[in-house]
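Single-structure report; data block below.
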Amino acid sequence: MLTRRDYLINSVLLGATCSLPSGLLHAFERNNLISRAIPKTGEKLPIVGLGSSATFRRVAQSSDVSALSRVLQTLLDNGGKVFDTAPSYGASEEVAGQLIRDAGKTKDIFWATKVNVAPRGGGRVDVNKARAQLARSFEYIGKDPIDLVQVHNLAGLAVQMPIIQELKESGRIRYIGTTVTQTSRYPDLEEAMRKYPIDFIGVDYAVDNRVAAESVLPLAKELGIATLIYVPFGRSRLFSRVKGAEIPEWAQEIGIDSWAKFFLKYVAAHAAVTCITPATSKPHNMLDNMGAAYGELPDSAMRKRMEQFIDALPGA
Ligand SMILES: NC(=O)c1ccc[n+]([C@@H]2O[C@H](COP(=O)([O-])OP(=O)(O)OC[C@H]3O[C@@H](n4cnc5c(N)ncnc54)[C@H](OP(=O)(O)O)[C@@H]3O)[C@@H](O)[C@H]2O)c1
C-alpha cells in the first residue's frame, strides 16, 4: 500500500505539474485534509494556502511565469484552495488571475485580495481610486463575488472599510477584513476588530514570532473572526536559523519530515488559526507546504518543545 509519503515523493518525481490521477490515494489524501471553519459562516477552508508576495511576486514580474502555473496547480491538486494576494504585490494578482482562468479553475480558488490606495505618509484617501483599484481586482481575478477583500495594513480604514462593507452588502464580496504584520500596530488591529463587523484578519505569526498569540489571536477567537496567517517562515529567517540542524525525532514521530512542515504545523495547531498562506514560487515547496495540512498536529506540550528548540538556536 502506498503511504502518504510515497505519494508525495511520486508527485515530486512527476514534477507535480500534471493533474494528479484521481485514484484511491488521492481520495484518501483529501479525506485527511485538515480544514478550519470560518467562524461567521461555518464554511471550511483547508488549513494551508498560498501567499503571493516575496518570491511569487518576483517570478510573476519575470518573463517566464510557468513555475507559478505549476505552483497553483499543485495547490489545487493537493486539496488547497486559499490564495492571498494584493494589488501592491506587483503582477501577482494579474498573473495568478490569468493562469487560473486559463486552467478553468477560477471557482476552485478562495481568492483573498486587498485594497489600499492610502498615500504612504498619510493624507486623504481617494474613494474613487479605491473603487478603481477594486474594479481592477474584479477584472484580474474574474470572479464576482470575490471571496475576501481586506483593507491592507489597516490603511485609511475609515474610508476604505465602508467601501468594502458596501460591496459585501451588495453581494460582490463574500467576506471582509483587515491586515497588519507589525507588532507595534496590534493595538490598532484589535481596535478595528472590535469596531468593524469584519469576518477575517490577516496577521503574522510563526514559531519564532509569537506575539500575535498573546492577544490578537485570542481576541479573534472571542469575536468569531477568521485568521489568515502571514509570514509563517519569517520569509527566509526560519530556514536560515535551522540550517545544519536535524529535525528532532520527537517531531518526526508526528510525520514532520521537513522544516517547512515543522513551522507550518506549529502555527496550524493554534485553535484561532483558520488558514496559513506561505508564499512560494516553487512547485516542490508548494507540495511540501500542503503536506503540513495532512496528518497529525502537535499538541500543546509538543508546541512548547518546538518553541524551546527554535529559541535555543543561534540568531534569536
Ligand atoms: N500586511 C499584509 O497584508 C501581509 C504582510 C506580509 C505577508 N502577507 C501575505 O502572507 C504571505 C506569506 O508571507 P511572506 O511571503 O512574506 O513570507 P513566508 O511565507 O514566511 O516566506 C516565503 C519564503 O519562504 C520560501 N519557502 C516557501 N515554502 C518553502 C519550503 N517548503 N521550503 C523552503 N522554503 C520555502 C519562499 O521561497 P521559494 O519561492 O523558494 O519557495 C519564500 O522565500 C505573503 O506572500 C502575502 O500573501 C500579507
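What you see is a predicted model, and the numbers here were worked out from it, not measured in a lab. For ligands, and for the atoms within them, numbers begin at 1 and follow the listed sequence.
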Ring geometry between Phe262 and Trp250 (parallel below 30°, tilted from 30 to 60°, perpendicular above 60°): tilted

Pick from Phe239, Tyr230, Phe233: the one approaching atom 7 (C) of ligand 1 most closely through a non-hydrogen atom: Tyr230

Sub-3.5 Å N/O-N/O distance, Thr179 and ligand 1: yes

Ligand-residue contact atoms, ligand 1 with Gly51, heavy atoms, under 4.0 Å: 11 (C), 45 (O), 47 (O)

NZ/NE/NH1/NH2 to OD/OE distance under 4.0 Å, Asp144 and Arg172: yes

Val231-ligand 1 polar pair, N/O distance under 3.5 Å: yes

Pair Arg303 + Asp299, salt bridge at N-O below 4.0 Å: no

Proximal candidate to atom 41 (O) of ligand 1 [heavy atom criterion; set Val71, Thr280, Leu154]: Thr280

From the candidates Arg185, His152, Gln182, the one that places a heavy atom nearest atom 2 (C) of ligand 1: His152

Glu166 and Arg131 ion-paired at < 4.0 Å: yes

Heteroatom distance test (Asn285, ligand 1): nitrogen or oxygen, under 3.5 angstrom: yes

Ion pair check, Arg174 and Asp199, cut-off under 4.0 Å: no

